[in-house]
Amino acid sequence: MAKISINLATGSLQQEEIIVGIDLGTTNSLVAFINPDKNPQVINDSGKGLLVPSVVYFNSHNEAIVGNEAKEFLTTDPANTIFSVKRLLGRSYKDVAEHSDIFSYKIIDDDSDALVKIHAGDRFYTPIELSAEILKELKARAEHALKTPVNRAVITVPAYFNDSQRQATRDAGKLAGLDVMRIVNEPTAASLAYGIGLDPTQQKTIAVYDLGGGTFDVSILQIQNGIFEVLATNGNTYLGGDDFDRAILNYWIEQNKLDKAELANNNVLMQTLRLQAEAAKKALSSQNLYNEQVGEIWCTLDKQTFEKLIAAKVDETITACKNALQDSGLAVTAIDEVILVGGSTRTPYVKKQVEAFFGKKPQDNINPDEVVALGAAIQADVLAGNRSDILLLDVTPLSLGIETMGGLMDVIIARNSKVPTKAGRQYTTSIDGQVNMKIAVYQGERDLVKENRKLAEFDLKGIPAMPAGLPKVDINFLLNADGILTVQAIELRSGVKQEIEVKPSYGLTDDTVEKMLIDSITHAQSDVAQRMLIEARSEGEQLLYTAERFVEKHAEHLTQAEIRDTQLYISALKNALTLNDKDLILKKADELNEFTRPFAERVMDAAISTAMKGKKI
Ligand code: AMP
């Protein structure tokens, strides 16, 4: 094996190999690299196309198929064809419940704050595993096209992604066998692609307007000394080019006086018309009239009518720009550049409205589908130290976090974060009346704390006795410029507080860091499997506890038959919990949940739902 060394300044494995930039998108994903001419370029493996649809299909052998091939199953086998997984990454069912109708596959509704799971075939998948399938495909295409192993990547995320969504993206990368050097904001990557922010003496304020197929966001960034600061973001994660297609489709339905109910039952025709609508929209980006026929149906549309159809949606994006500007405290004249990202910014009417609002012509020379991936490749090149003109900031070489239920590592400061940095998260208790909480601090990339380095442990004492799940304990990590980590725990209701200081780099050699990083990638698959089993068990046990208490407390509202059947589901879950089969536990938990849901709705018990909030230590 080639000698790998670790660069403590960048926290990355140093190998003479290519580092790729990945745009992991809601609809499409793509991978780019810096070509021998030192220019960023999107990889097109054997003419398969630049864009890889972010769709994963599971066949009857539970094998994953990704991309264009998977997309074909959207109509024929929707229950096993997972799209838009990015919307679920790092989210709980509660986060996505409002929009759950857009998903044609089964998302487990356990009414909890736990991260969502997806049921396909006879297995349960986390969004991390599904995203990893997409990343594996991108990695494989890059390796095939470039004829070299690809082990390192920069992956982009929306600027509004929270901690948990960023961590989930990192985990997906690791699971795909990638050393994720950095998670970069999409608008930051887009600016880099335009060369903005590469000159450390440059100071600029920019707006990045990103309108994709199903999502819209706008970010206001300030760039100073090569550092990108997000001043404000705004947008709508359920607005995009798909809405334009729908508007056209509805227009044609009206024009041709089609029967909506009849059409709803004709999937094939519906799909054909939807594709026609998208084709019309794209055509109208470069011509004034679209005229086609599908059987007896006239698919005619002129540019003027199209613009009327989409005006309200485009207005909505402009209002979001207004709000973002307001939040940033800036006047529109303070914006030096406007950058367009996302396929839907090709629509001339969109460009026109953006230009009118910002009072300047937006940058649109780079393909709006590719600009984020190209920028990610440039960021990767910077991190690899290939651009000597750019200063590299100190980063933490390993992640820092605490132990949570079942011996799992919960990362609070991710590896490769710039120093100084601070981050925190809220936790709660797992036992009724718990008055002490053990806080164990670890360093490393493995999912189980026992595989990581323990840095410190202390007890937060004097938590007032409350039911499990009610105390709110904030744990904050502060890593200063000298590499000293302060861990503070505070129970918010009582104000009890405790803090310690440690130096994570103490006794840490380059060799150890290198070994820990390599181990984390080689064990990623089994680590995730173990994490999922532990999480499934914790959730199963929690549900069991809740369900048993529910039956006890509300017996008078239930019929004898309901009690008897609930007990049967409870026993089945109990049995599953004794086995090491995460899919079985989740299946039995899901069945118990589905069975008892109507009763729970009948007897709303606020105490139960609040008792289930927050991660448990
Ligand atoms: P993205 O999510 O960034 O890949 O954007 C995909 C969206 O861009 C889809 O709604 C496409 O229909 C749309 N799109 C692609 N090409 C064009 C075009 N030439 N004109 C207008 N919209 C387009």
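Whatever order the structure lists ligands and atoms in, that order sets their numbers, starting from 1.
Looking at K282 against ligand 1, both its backbone and its side chain come within 4.0 Å, counting heavy atoms. The proximity of S285 to ligand 1, defined as any non-hydrogen pair under 4.0 Å, is limited to the side chain.
Near G342, with a cut-off below 4.0 Å to any heavy atom, the atoms of ligand 1 are 3 (O). Counting atoms of ligand 1 from 1 in the listed order, those under 4.0 Å from a heavy atom of T27 are 2 (O). Annotation for ligand 1: atoms under 4.0 Å from non-hydrogen atoms of N28 are 4 (O). Shown in contact with G241 at under 4.0 Å from a heavy atom are these atoms of ligand 1, numbered in order with element: 10 (O). The contact set between ligand 1 and G212, taken as ligand atoms under 4.0 Å from a residue heavy atom, comprises 1 (P), 2 (O), 3 (O), 5 (O), 7 (C).
Given atom 11 (C) of ligand 1, the protein heavy atom at minimum distance is E278 OE2, 3.3 Å. Of the protein's heavy atoms, R346 CD, 3.5 Å lies nearest to atom 19 (N) of ligand 1. Protein heavy atom in closest approach to atom 2 (O) of ligand 1: G213 N, 3.0 Å. Of the protein's heavy atoms, K281 NZ, 3.0 Å lies nearest to atom 10 (O) of ligand 1. When only non-hydrogen protein atoms are considered, atom 3 (O) of ligand 1 lies nearest to G343 N, 3.0 Å.
Listed by chain and residue number, nothing satisfies the salt bridge (charged side-chain N to carboxylate O under 4.0 Å, His left out) test with R274 (two or more places apart in sequence, or in another chain). For Y160, there are no ring pair (Phe, Tyr, Trp, His ring centres under 6.0 Å) partners at least two apart in sequence or on another chain.
Relative orientation of the F244 and F306 rings is perpendicular, given thresholds of 30° and 60° on the angle between their planes. Ring geometry for F83 versus Y105: interplanar angle over 60°, hence perpendicular rather than tilted (30 to 60°).
Separation of atoms CD1 (I223) and CD (Q203) is listed at 10.0 Å; rounding is to 0.5 Å. Rounded to the nearest 0.5 Å, atoms CD1 (I65) and CZ (F58) are 10.0 Å apart. A distance of 8.0 Å separates CG in D179 from CG in N151, rounded to the nearest 0.5 Å.
Atom CD of Q293 has more than 12 heavy atoms from other residues, nucleotides or ligands within 6.0 Å.
Ligand 1 is never approached by G240 to a heavy-atom distance shorter than 4.0 Å.
Taking 4.0 Å as the cut-off between side-chain N and carboxylate O, E445 and K174 do not count as a salt-bridged pair.
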